[in-house]
Protein chains: 2
Amino acid sequence: MEQIDDIDLQLLNILHDNSKYTVKELAKMVNLSPSPVFERIKRLENNGYIKKYIALLDAEKLNRGFIVFCNIKLKQHDRNIGNQFVSDIMKIEEVVECYNISGDYDFLMKVSAKDMKHYQDFVFNKLGSVESIGSTQSTFVMSEIKNMYG
Amino acid sequence: MEQIDDIDLQLLNILHDNSKYTVKELAKMVNLSPSPVFERIKRLENNGYIKKYIALLDAEKLNRGFIVFCNIKLKQHDRNIGNQFVSDIMKIEEVVECYNISGDYDFLMKVSAKDMKHYQDFVFNKLGSVESIGSTQSTFVMSEIKNMYG
DNA sequence: TTCTAAATTAGAATAAAATTCTTTAAATAC
DNA sequence: GTATTTAAAGAATTTTATTCTAATTTAGAA
């Protein structure tokens, strides 16, 4: 695996914050000409340092500004139950992130809803029909303080 | 505030997953010519539906694949302590997300480190010097199941 | 140090994409 | 039904991405 240098790291940090700079602009920022910057970015893409480029959307405007962290305990801890849970959760659009975690609970999900009413509906109707779930515990987000991706 | 239609929504969903499509490609996907697609995207940007465009990086390759959710209780619940905490946390690069939450703890942080050793160093040396923190509780991520941004 | 080879860069040339503009069509109001 | 507004298509233009070649730098060996 190729090694990356300081200029690569600069480019990654810049693009992580704003991927719309032109190569000419990037070149000026890192004191190079456009060609090597273009080649460096292609190399970083091909070597997997850059996974993809995405647009960040305004959750509030799209009626998804109500964030809840939802802890999940499975009914039992066998592979089938676990696989079933993962498979079910992947289909639920309100679940934007999900992690298998240490501690009292098995999974931590980040859920994105319009409001409390929507979240309640999500818990009753969506989670309610996921057979593998034993219990849940909701932690509500009152405000977002920091988000390096937002 | 302008209203968005189904095609706008399609464009948002596509760009949220991959912002590198050309307008020509997008036009084909939504069965329009490039011009109206271009104008729609500009409108979505100007109206704030699209906040920004970013590159997603490979955390593992950048030595940041060890994820921990860290719950925080403040020493006291007055405005000064709270503001001091927020100000301190914004400067710590390992903290990639932070939320003010309901429940037993005051804040939930997502922390990104190289490994357990790095995380330990983060807790001792970085969090350890944030005066406003009363107590912490760490939940370790064993695996990422779903991430609509990753 | 000096030579050689490999890698990197700069700058020009080309291809492709974004962006603008004008015309046409469609939808809505009157 | 006509007028008016809005949205779309297609062509023209500008900008950017991408490729190519030559020059420079770097690293290693003699």
Side-chain angles (χ1 to χ4, degrees), chain A residues 1-65 93 114 147-150, chain B residues 1-64 114 147-150:
Chain A
M1 176 54 62
E2 307 244 344
Q3 207 51 48
I4 64 173
D5 64 14
D6 177 62
I7 289 178
D8 290 329
L9 216 47
Q10 285 183 55
L11 291 171
L12 289 174
N13 284 329
I14 293 168
L15 292 173
H16 180 49
D17 183 60
N18 179 359
S19 63
K20 278 299 181 184
Y21 287 117
T22 65
V23 292
K24 189 195 286 184
E25 290 171 326
L26 292 167
K28 187 166 289 179
M29 293 185 208
V30 301
N31 288 109
L32 282 177
S33 68
S35 328
V37 170
F38 176 80
E39 284 167 8
R40 279 166 178 271
I41 292 170
K42 283 298 160 218
R43 178 168 48 74
L44 291 168
E45 290 170 2
N46 293 334
N47 291 349
Y49 287 90
I50 296 173
K51 290 200 291 184
K52 64 195 303 203
Y53 296 89
I54 69 168
L56 289 182
L57 310 181
D58 188 308
E60 203 69 54
K61 282 197 199 308
L62 296 168
N63 296 322
R64 285 299 169 80
E93 61 174 359
K114 172 173 165 44
N147 192 340
M148 298 302 280
Y149 294 88
Chain B
M1 177 54 62
E2 307 246 345
Q3 207 52 48
I4 64 173
D5 64 14
D6 177 63
I7 290 178
D8 289 330
L9 217 47
Q10 285 183 55
L11 290 171
L12 289 175
N13 284 329
I14 294 168
L15 292 173
H16 180 50
D17 182 60
N18 179 359
S19 63
K20 278 298 182 186
Y21 287 118
T22 64
V23 292
K24 190 193 288 187
E25 291 172 325
L26 292 167
K28 187 165 289 181
M29 293 184 208
V30 301
N31 287 109
L32 283 177
S33 69
S35 328
V37 170
F38 175 80
E39 284 166 7
R40 279 166 180 271
I41 292 171
K42 282 300 162 217
R43 179 168 46 75
L44 292 168
E45 290 170 2
N46 293 334
N47 291 350
Y49 287 90
I50 297 172
K51 291 199 292 183
K52 63 194 301 203
Y53 297 90
I54 68 168
L56 289 182
L57 310 182
D58 187 309
E60 204 67 55
K61 281 197 201 306
L62 296 168
N63 295 323
R64 283 299 169 80
K114 172 173 165 45
N147 192 341
M148 299 301 281
Y149 294 87

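Within every chain, numbering begins at 1; the chains are lettered A, B, ... in the order of the sequence lines, protein sequences first and strands thereafter.
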Original post:
Do B:L62 and A:I4 pass the side chain to side chain contact (heavy atoms under 4.5 Å, CB included) test, and can you show the C-alpha distance, the side-chain angles, and the key distance before you say yes or no?
Top reply: CA-CA 10 Å; B:L62 296 168; A:I4 64 173; 4.1 Å; yes
Original post:
Counting only heavy atoms not in A:M29, do more than 12 sit closer than 6.0 Å to its CE atom?
Top reply: yes
Original post:
Taking only residues two or more places apart in sequence or in another chain, which ones pass side-chain hydrogen bond (donor to acceptor under 3.5 Å, both in side chains) with A:Y21?
Top reply: none
Original post:
Nucleotide range of DNA chain D contacted by chain B, 5' to 3', under 4.0 Å to a heavy atom?
Top reply: D:dA8 to D:dG10
Subject >> Residues within residues 14-21 of chain B bordering DNA chain D, heavy-atom distance below 4.0 Å >> reply: none
Original post:
Which residues pass the side-chain hydrogen bond (donor to acceptor under 3.5 Å, both in side chains) test with B:D6, sequence neighbours left out?
Top reply: B:Q10
At a cut-off of 3.5 Å, list every protein nitrogen or oxygen paired with a nitrogen or oxygen from nucleotides 5-15 of chain C, distance to 0.1 Å.
{"from": "C:dT9", "atom 1": "OP1", "to": "A:R40", "atom 2": "NH2", "distance (Å)": "2.8"}
{"from": "C:dA10", "atom 1": "OP2", "to": "A:S33", "atom 2": "N", "distance (Å)": "2.4"}
{"from": "C:dA10", "atom 1": "OP2", "to": "A:S33", "atom 2": "OG", "distance (Å)": "2.5"}
{"from": "C:dA10", "atom 1": "O5'", "to": "A:S33", "atom 2": "OG", "distance (Å)": "3.3"}
{"from": "C:dG11", "atom 1": "N7", "to": "A:S35", "atom 2": "OG", "distance (Å)": "3.1"}
{"from": "C:dG11", "atom 1": "O6", "to": "A:S35", "atom 2": "OG", "distance (Å)": "2.5"}

**OP:** Decide yes or no on side chain to side chain contact (heavy atoms under 4.5 Å, CB included) for A:Y49 and B:L57, but give the supporting numbers first.
**Re:** CA-CA 6 Å; A:Y49 287 90; B:L57 310 182; 6.0 Å; no
Original post:
Under the side chain to side chain contact (heavy atoms under 4.5 Å, CB included) criterion, do A:L26 and A:F38 qualify, and how do the steps go?
Top reply: CA-CA 9 Å; A:L26 292 167; A:F38 176 80; over 6 Å; no
Original post:
Which residue pairs pass the side chain to side chain donor-acceptor pair (under 3.5 Å) test when at least one of the two sits in residues 34-43 of chain A, sequence neighbours left out?
Top reply: A:D5-A:R40, A:D8-A:R40, A:D8-A:R43, A:K42-A:E45
Original post:
With B:A27, which residues qualify under side chain to side chain contact (heavy atoms under 4.5 Å, CB included), at least two apart?
Top reply: B:P34, B:V37
Subject >> Trace of the salt bridge (charged side-chain N to carboxylate O under 4.0 Å, His left out) decision for B:K51 with A:E60 >> reply: CA-CA 11 Å; B:K51 291 199 292 183; A:E60 203 69 54; over 6 Å; no
Subject >> Side-chain N,O (B:K24) to OP1/OP2 (C:dA16) below 4.0 Å >> reply: no
**OP:** Evaluate the criterion side chain to side chain contact (heavy atoms under 4.5 Å, CB included) for residue pair A:Y53 and B:I54; output intermediate values, then yes/no.
**Re:** CA-CA 6 Å; A:Y53 296 89; B:I54 68 168; over 6 Å; no
**OP:** Mind calculating the distance between CD1 (B:I41) and P (C:dT20) to the nearest angstrom?
**Re:** 13 Å
Subject >> Where at least one partner belongs to residues 12-32 of chain B, residue pairs that pass salt bridge (charged side-chain N to carboxylate O under 4.0 Å, His left out), sequence neighbours excluded >> reply: A:K52-B:D17
Original post:
Pairing of DNA chain C as dot-bracket, 5' to 3': ( ) intra-strand, [ ] crossing, | other strand, . unpaired, with Watson-Crick or G-U pairs under 3.5 Å?
Top reply: ||||||||||||||||||||||||||||||
